[in-house]
Amino acid sequence: GPGIQSISALCEVTGGGRGWTLIDASTTPAQLASARALKTVMAYDDYQQGAGLAPGATDNACGVAIVLELARVMARHRFRHDLKFAAWNGEEAGGPGSRAYVREAVEKREALALYFNFDSSGYDPSDRLILDVIFNDKASGIAERMEKDNRLYGLGFTLTRNVHGCFSDHKPFWAAGFCGVMTHAEQHGPAHSVNDTVDKISARYAKKNAQLGLAVLAELAGLAAGR
């Protein structure tokens, strides 16, 4: 049935100037076309402001790590619905990567049940465990589910709602009418600067962010029998 079959099925689609990379570990194209899919994604670029290069550790290497880890963990199971894992480039330049994917998804009438985005996913220097859940009207039920799972699994987050209005790759999906949600750290911190280095990552915070996403996605995708 639909689901993730093997991480060995990883493939990269970067040709034609699309500006997006699809990490796709689903079963067959026919199954993918017929099933409703849940997409888990993050932007993988960063943007410098001022002199020097922005290493992009908290924005958004953490998001990359979360999505790859979710793909690794969830590949051990089979689900009733397909899961896609993807990385977009150009998020800081208006999102050409995600916009290109959305155009194709609309043209192909892709049945996308949920778009889940991880951005600025691992910055919590004071260990406050405040996580902003950013969602559109269609995803209000997902936000409620995240509140429930946060309590159920004792993750300890204080979840805020739609505090951050900044652009990220969820917005092209919203504009096309898809259900979409994003998690974002309480603060932007050192993002877009030479100070966004690996020592600024809050590993505990990033792990709990990933666990919350995992709980929601596993529930919605539905574990298939026997796995």
Side-chain angles (χ1 to χ4, degrees), residues 7 10-24 39-72 84-104 115-134 160 162-175 180-213:
I7 289 300
L10 295 182
C11 62
E12 184 170 293
V13 182
T14 54
R18 287 189 181 91
W20 49 270
T21 301
L22 174 64
I23 303 169
D24 188 349
K39 185 172 294 298
T40 309
V41 301
M42 70 291 159
Y44 64 84
D45 63 328
D46 200 1
Y47 173 75
Q48 67 184 67
Q49 292 178 332
L53 296 176
T58 68
D59 183 18
N60 191 32
C62 281
V64 175
I66 286 173
V67 171
L68 292 176
E69 179 65 3
L70 292 182
R72 184 189 71 82
K84 289 184 177 182
F85 300 85
W88 314 130
N89 67 7
E91 184 260 352
E92 302 292 355
S98 54
R99 291 183 192 279
Y101 186 90
V102 168
R103 283 195 299 271
E104 291 193 15
Y115 174 87
F116 200 119
N117 196 74
F118 292 94
D119 196 0
S120 294
S121 310
Y123 184 71
D124 187 28
S126 301
D127 201 28
R128 285 162 54 85
L129 288 180
I130 296 176
L131 181 70
D132 194 30
V133 179
I134 304 164
T160 57
N162 289 321
V163 170
H164 290 283
C166 52
F167 176 84
S168 189
D169 290 298
H170 61 296
K171 289 200 172 178
F173 285 83
W174 285 6
V181 65
M182 179 174 82
T183 61
H184 194 290
E186 179 187 15
Q187 309 170 50
H188 284 93
H192 308 168
S193 76
V194 296
N195 298 314
D196 194 6
T197 48
V198 69
D199 59 299
K200 305 302 192 304
I201 294 173
S202 307
R204 176 171 175 261
Y205 183 88
K207 179 180 178 180
K208 287 177 176 288
N209 194 355
Q211 289 171 328
L212 182 59

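Starting from 1, each residue takes its place in the sequence as its number.
- Here the CG atom belonging to Leu131 is positioned 5.0 Å from the CG atom belonging to Asn209, to the nearest 0.5 angstrom.
- When all heavy atoms of Val181 and Trp174 are compared, the pair lying nearest together is N-NE1, 4.4 Å.
- For the pair Ser168 (side chain) and His170 (backbone), a donor-acceptor distance under 3.5 Å is absent.
- Considering only residues two or more places apart in sequence or on other chains, Gln211 meets the side chain to side chain donor-acceptor pair (under 3.5 Å) condition with none of them.
- When atom types are taken as modelled, the side chain of Lys200 and the backbone of Asn195 share a donor-acceptor pair closer than 3.5 angstrom.
- Put simply, CD1 on Ile201 and OH on Tyr123 are 12.0 Å apart, with the number rounded to the nearest 0.5 Å.
- In this structure, a donor-acceptor pair under 3.5 Å is absent between the side chains of Tyr115 and Lys84.
- Separation of atoms CG (Asn60) and CG (Asp119) is listed at 4.5 Å; rounding is to 0.5 Å.
- Taking CZ of Phe116 as the reference point, atom CG of Leu70 lies at 8.5 Å (rounded to 0.5 Å).
- A distance of 6.0 Å separates CE of Met182 from CG of Asn117, quoted to the nearest 0.5 Å.
- Closest heavy-atom contact between Gly63 and Ser121: CA-OG, 3.7 Å.
- Side-chain contact check for Asp169 and Ser98: at least one donor-acceptor pair (N or O, by modelled atom type) lies under 3.5 Å.
- No donor-acceptor pair closer than 3.5 Å links the side chain of Asp132 to the backbone N or O of Glu186.
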Exercise for the section: Mind running side chain to side chain contact (heavy atoms under 4.5 Å, CB included) on Glu69 and Lys207 for me, showing each step along the way? Expected result: CA-CA 10 Å; Glu69 179 65 3; Lys207 179 180 178 180; over 6 Å; no
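- The SG atom of Cys166 lies 8.0 Å from the CD atom of Glu91; values are rounded to the nearest 0.5 Å.
- Legend: residues meeting ring-ring contact (aromatic ring centres under 6.0 Å, His included) with Tyr205, ordered by chain and number and at least two apart, are Phe157.
- Ala206 and Gly122 make their closest contact through CB-CA, 4.1 Å (heavy atoms, listed as atom of the first residue, atom of the second, distance).
- With hydrogens and angles disregarded, no donor-acceptor distance shorter than 3.5 Å links the side chain of Arg99 to the backbone of Phe173.
- Put simply, the side chain of Trp88 never gets that close to the backbone of Pro96: no donor and acceptor are under 3.5 Å apart.
- Here Arg204 pairs with Asp127, Leu129, Lys208 under the side-chain contact (heavy atoms from CB on, under 4.5 Å) rule; sequence neighbours left out.
- The side-chain contact (heavy atoms from CB on, under 4.5 Å) search around Ser120 returns Asp59, His184, His188, not counting sequence neighbours.
- In this structure, the side chain to side chain donor-acceptor pair (under 3.5 Å) partners of Thr58, at least two apart in sequence or on a different chain, are Asp196.
- Checked against salt bridge (charged side-chain N to carboxylate O under 4.0 Å, His left out), Asp199 has no partners two or more places apart in sequence or in another chain.
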